[in-house]
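Residue numbers begin at 1 in each chain, while the letters A, B, ... track the order of the sequences. Just so you know, these numbers use all the heavy atoms, side chains as well, and skip hydrogens, waters and symmetry mates. Model, not experiment: these values are computed from the prediction.
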Amino acid sequence: MEIKLSFEGKEFAVKAGTPARELVDLLELSEKKPLAFKIDEELLDLHSPVRHGGEVKPIFPESPEALEILRHTASHVLAQAVKELFPGVKLGIGPATEEGFYYDFDYDRPFTEEDLKAIEKKMKEIVKKRYPLVREELSREEAERLFSELGERYKLELIREIPEETVSIYKQDRFVDLCRGPHLPHTGLVKAFKLLSVAGAYWRGDERNPQLQRIYGTAFFRKEDLKAYLERLEEAKRRDHRKLGRELELFSIEEEIGPGLILWLPKGAIVRKEIEDFWRDEHLKRGYQLVYTPHIALRDLWKISGHLDFYAENMFAPMEIDERAYQLKPMNCPFHILIYQSRKRSYREFPIRYCELGTVYRYERSGVLHGLLRVRGFTQDDAHIFCREDQLEEELYKVLDLVVHFLSVFGFKEYQIYLSTRPDKYVGSEEIWEKAEGALRAALEKKGLPYEIDPGEGVFYGPKIDLKIRDVLGRFWQCSTIQVDFNIPERFDISYIGPDNRPYRPIMIHRALLGSLERFFGVLIEHYAGAFPVWLSPVQAVVMTVADRHQEFAEMVYAKLAEAGFRVERDFRNEKLGFKIREAQVKKVPYMIIVGDKELENSRITVRTRKGENLEFTIEEFAERLKEEIIQKIIW
RNA sequence: GCCGGUGUAGCUCAGCAGGUAGAGCAGUGGAUUCGUAAUCCACAGGUCGGGGGUUCGAGUCCCCCCGCCGGCUCCA
């Protein structure tokens with residue numbers, strides 16, 4: 001059978017099953033050395049047979065697809081090295097990932113740091129040998145025989161689940177692996193790689209399965225790229241909110257209090273206060289009503305809401321008071337529902353939007369806790385919107401609009417958006433799910449936000465939109481979530497009176513924009529590397545004297561700024577100026593106001609920014625600048 | 001929860017093969033009055049995560065527990 005290919009406007013035909021490497025000469029690419037081809041979106045390495053026609057795109061080391069191929073081959077090199085060094089080791093899987101690659105191994109003792117070094121050394125030898133990768137196709141029986149001879153029980157398990165009759169394997173030197181590919185032509189191209197860590201990982205990600213040892217690494221075509229990546233890791237370490245949180249005295253987590261419970265220190269609390277003020281103002285402006293609700297409620301409330309059926313494993317255990325069981329709240333929704341129900345509602349009131357910075361407690365398994373990003377007690381910037389079905393789309397649009405507004409104020413302009421659809425375990429009719437999913441989709445499209453579908457990942461009570469924000473290092477963090485809920489209105493049997501004087505069931509939207517103040521704060525710290533914009537800075541300016549004789553003037557400068565409402569501190573200590581500047585710099589204070597002889601003389605102040613620029617102002621001019629910067633929420 | 005690592009002064013860390021703790025920074029006191037990232041001197045500060053055990057003797061060895069770190073599973 002002939003297969004038609006096109007490349008740069010020219011038409012070619014090859015026999016089905018022709019190895020893709022023959023295309024190199026056919027397309028006259030031997031000079032440029034492609035690593036693989038893409039034929040109509042299907043990635044095909046040089047080892048694989050051409051089976052489908054279409055537009056051919058050669059993949060070179062610079063192509064974005066090439067890294068994935070490189071890393072996949074790197075994982076095979078890793079596996080070969082491990083098998084040679086540790087006979088008896090069993091292979092799991094070894095794919096490329098976003099940032100690198102890993103391979104899972106089953107071995108009778110844990111791998112150590114030293115093992116990693118030895119493995120790396122062995123890998124370098126394998127790379128040096130430039131072993132060609134060879135692809136073979138086997139029948140399922142042949143493959144089963146091969147891998148059972150090799151004692152690869154996990155591979156056998158995989159083979160048994162492959163629907164096709166033939167499977168492919170890749171060989172290099174004496175190493176064989178069940179693999180779909182694609183791979184590099186030979187191991188010699190895996191030049192810049194590094195093993196990073198070992199960690200436990202359950203076979204097939206299921207905690208009922210045995211736990212394997214996963215070795216993580218990364219690989220690039222060029223040494224410079226590897227170096228840049230490792231530097232980025234270092235940079236991420238420097239920005240770690242747990243480290244900065246301690247250094248800048250923003251928050252702390254104390255063993256005596258318990259894991260996952262946050263103390264907001266004064267410097268962190270002021271940042272939170274600014275965020276909260278902004279949040280409340282924006283909500284009130286947009287027709288939200290502010291509410292407050294308790295931290296605990298009778299267990300029965302959680303029965304009605306369904307949380308005990310669907311969410312019990314995430315809730316703190318009940319406590320008994322006056323012979324009645326109470327539980328800490330993991331969510332705010334039941335309370336908002338009861339506020340809704342506190343009197344009869346009319347369609348004229350709609351939409352009703354209740355918002356609350358509500359502190360919730362969720363039991364998270366000990367191993368998942370992480371600084372501010374994953375905690376057991378946190379404050380959601382929560383809101384519940386009650387509306388009619390015909391208002392749903394409009395309300396969702398407004399919520400999206402508000403999210404984008406909020407996030408961009410903090411400097412987050414890029415998002416990954418996921419629309420999660422109906423899961424296996426759900427309440428409500430299929431029809432209503434479809435309607436809600438449609439409304440979410442329409443709102444996203446109207447707002448012009450690109451999104452992906454996350455099938456089956458919705459919460460049991462309704463579909464949702466999750467929004468992940470990209471920080472300066474290119475990492476994504478989930479904060480915002482917008483969920484439609486058809487469960488709770490039903491369970492609480494809430495209603496409103498329509499124009500025809502008959503009761504109707506409202507639809508409820510459940511949404512958090514920043515997600516939780518704790519997590520958002522953690523992300524912000526890392527995003528700004530602790531150097532907050534002026535409006536958020538715990539200390540906006542420090543007035544520092546050069547010598548004691550400048551104190552009087554400095555005190556006046558301080559008083560004026562403090563009276564104007566700025567967060568100013570005094571550093572009149574008997575220390576050298578350089579010392580004071582260093583300290584303010586380390587604390588990431590945006591403005592350092594220097595008062596010495598010169599300033600006294602001409603009644604102006606010298607202002608050093610934390611970026612190192614020197615500016616000169618009258619006090620009034622500087623106050624004006626600060627004010628503007630705060631109002632505009634300027635980021636620098 | 002699971003696998004691996006780790007836990008010494010507020011912070012960062014040293015403490016070799018078991019002989020009853022050390023540095024820098026921070027803190028306190030003093031001297032210095034010095035203009036853009038660390039002035040000098042002195043002092044104080046630790047039940048070495050907790051409990052049990054081995055030993056004449058344990059920060060160092062063994063066991064149990066707790067926290068933290070890297071992952072897995074889960075998630076705002």
Side-chain angles (χ1 to χ4, degrees), chain A residues 102 104 106 109-113 115 196-216 237 240 242-243 246-247 249 252-260 311 313-314 330-331 358 360 362-382 457 459 464 466-468 477-481 483 510-523 544-551 572-587 592-599 606-610 612-614:
Chain A
Y102 65 79
D104 288 345
D106 190 353
R109 70 158 177 84
F111 295 130
T112 63
E113 286 288 311
D115 291 337
L196 298 169
S197 60
V198 206
Y202 299 105
W203 168 239
R204 321 200 87 183
D206 189 328
E207 61 187 21
R208 289 164 302 197
N209 285 338
Q211 198 162 38
L212 310 179
Q213 296 184 67
R214 176 168 297 177
I215 298 181
Y216 282 94
K237 230 185 241 171
D240 191 315
R242 293 167 298 187
K243 184 172 130 70
R246 190 169 43 237
E247 288 170 2
E249 303 184 278
S252 77
I253 301 171
E254 301 297 328
E255 226 178 296
E256 294 87 328
I257 297 172
Y311 209 73
E313 71 267 26
N314 284 299
M331 294 189 194
V360 298
R362 296 184 186 175
Y363 170 73
E364 299 284 355
R365 298 162 93 188
S366 61
V368 308
L369 300 172
H370 181 95
L372 291 176
L373 301 181
R374 194 76 184 274
V375 295
R376 285 185 174 157
F378 58 96
T379 302
Q380 291 184 304
D381 67 315
D382 210 354
E457 287 303 306
V459 204
K464 63 171 179 176
D466 282 330
L467 203 142
K468 292 188 184 185
W477 306 94
Q478 180 176 349
C479 295
S480 323
T481 183
Q483 312 179 342
H510 180 118
R511 45 113 283 195
L513 307 183
L514 309 176
S516 88
L517 293 178
E518 285 74 7
R519 177 177 288 182
F520 191 73
F521 188 36
V523 173
M544 45 185 78
T545 48
V546 174
D548 287 350
R549 63 178 176 280
H550 308 121
Q551 273 196 32
F572 297 173
R573 289 174 304 173
N574 178 10
E575 295 288 352
K576 288 181 158 182
L577 185 61
F579 180 86
K580 299 184 188 184
I581 286 182
R582 178 185 152 76
E583 201 153 279
Q585 191 72 40
V586 168
K587 294 280 177 207
M592 297 158 227
I593 299 167
I594 293 152
V595 176
D597 290 337
K598 203 177 86 193
E599 288 72 20
T606 303
V607 177
R608 181 194 197 274
T609 70
R610 70 181 161 212
E613 321 157 270
N614 268 312

Q.
In whole Å, measure the gap between the C1' atoms of G50(B) and G67(B) for me.
A. 10 Å

Q: Calculate the interatomic distance between I215(A) atom CD1 and C3(B) atom C1'; express it in whole Å.
A: 13 Å

Q. At what distance, to the nearest 0.5 angstrom, does OG1 of T609(A) lie from CE of M592(A)?
A. 7.0 Å

(Q) Taking side-chain contact (heavy atoms from CB on, under 4.5 Å) as the definition, give me every residue that meets it alongside K243(A), ordered by chain and number, with sequence neighbours left out. (A) D240(A), E247(A)

Q. What integer distance in Å separates L212(A):CG from G4(B):P?
A. 13 Å

Q) What residues, two or more places apart in sequence or in another chain, satisfy salt bridge (charged side-chain N to carboxylate O under 4.0 Å, His left out) together with D548(A)? A) none

**Q.** Secondary structure of RNA chain B in dot-bracket form (Watson-Crick or G-U wobble, distances below 3.5 Å, | marking inter-strand pairs)
**A.** (((((((..((((.....[..)))).(((((.......))))).....(((((..]....))))))))))))....

Q: Report the distance from atom CZ of R362(A) to atom CZ of F378(A), rounding to the nearest 0.5 Å.
A: 3.5 Å

Q) With R109(A), which residues qualify under side-chain contact (heavy atoms from CB on, under 4.5 Å), at least two apart? A) F86(A), Y107(A), T112(A), D115(A)

Q | Nucleic acid footprint by protein, nucleotides 35-46 of chain B - heavy-atom cut-off 4.0 Å, B for base, S for sugar-phosphate alone | A | BBBBB-------

Q: Could you pull out all residues at least two apart from R214(A) that satisfy salt bridge (charged side-chain N to carboxylate O under 4.0 Å, His left out)?
A: D104(A)

Q.
Measuring only the P atom in each nucleotide, how far is C25(B) from A21(B)? A whole number of Å is fine.
A. 23 Å

Q.
Taking only the C1' atom of each, what is the distance from G59(B) to G7(B) in whole angstrom?
A. 11 Å

(Q) For a quick check of understanding: with a heavy-atom distance under 4.0 Å over all strands, which category does Y363(A) fall into, base, sugar-phosphate or nothing? (A) sugar-phosphate

Q: Write down the distance separating the P atoms in U20(B) and G1(B), rounded off to the nearest Å.
A: 39 Å

Q) Rounding to the closest angstrom, what is the interatomic distance between C48(B) and U36(B) at atom C1'? A) 42 Å

Q: Please list, chain by chain and in numerical order, all residues satisfying ring-ring contact (aromatic ring centres under 6.0 Å, His included) with Y202(A), sequence neighbours excluded.
A: none

Q.
Within this structure, what is the CD1-CZ distance for the pair I253(A) and R246(A), rounded to the nearest 0.5 Å?
A. 10.0 Å

Q. With a 4.5 Å heavy-atom cut-off, do S516(A) and R374(A) have their side chains touching?
A. no

Q: Provide, to the nearest angstrom, the distance between the NZ atom belonging to K587(A) and the P atom belonging to C11(B).
A: 13 Å

Q: Using the P atoms only, state how far C74(B) lies from A17(B), rounded to an integer number of Å.
A: 43 Å

Q) Hey, does F520(A) have a side-chain heavy atom less than 4.5 Å from the side chain of L513(A)? A) no

Q | Whole-Å gap separating C1' (C2(B)) and CD (Q213(A)) | A | 13 Å

Q) Can you tell me how far C1' in C72(B) sits from the matching atom in C64(B), rounded to whole Å? A) 25 Å

Q.
Could you work out, with salt bridge (charged side-chain N to carboxylate O under 4.0 Å, His left out) as the rule, every residue matching R549(A), not counting sequence neighbours?
A. D597(A)

Q.
Less than 4.5 Å apart, side chain to side chain, heavy atoms only: is that true for K580(A) and T545(A)?
A. yes

Q | Partners passing side-chain contact (heavy atoms from CB on, under 4.5 Å) against K587(A) (at least two apart in sequence or in another chain) | A | E249(A), V589(A)

Mind listing the N/O atom pairs, protein and nucleotides 12-17 of chain B, below 3.5 Å?
unit_1	atom_1	unit_2	atom_2	d
U12(B)	OP1	R246(A)	NH2	3.0

Q) What distance, rounded to whole Å, do you find between the two P atoms, one in G15(B) and one in G53(B)? A) 29 Å

Q: Spell out protein contact along nucleotides 65-76 of chain B as letters: B when the base is contacted, S when just the sugar-phosphate is, - when no protein heavy atom is under 4.0 Å; keep the 5' to 3' order.
A: --SSSBBBBBBB

(Q) Restricting to salt bridge (charged side-chain N to carboxylate O under 4.0 Å, His left out), what partner residues turn up for R365(A), sequence neighbours left out? (A) E207(A)

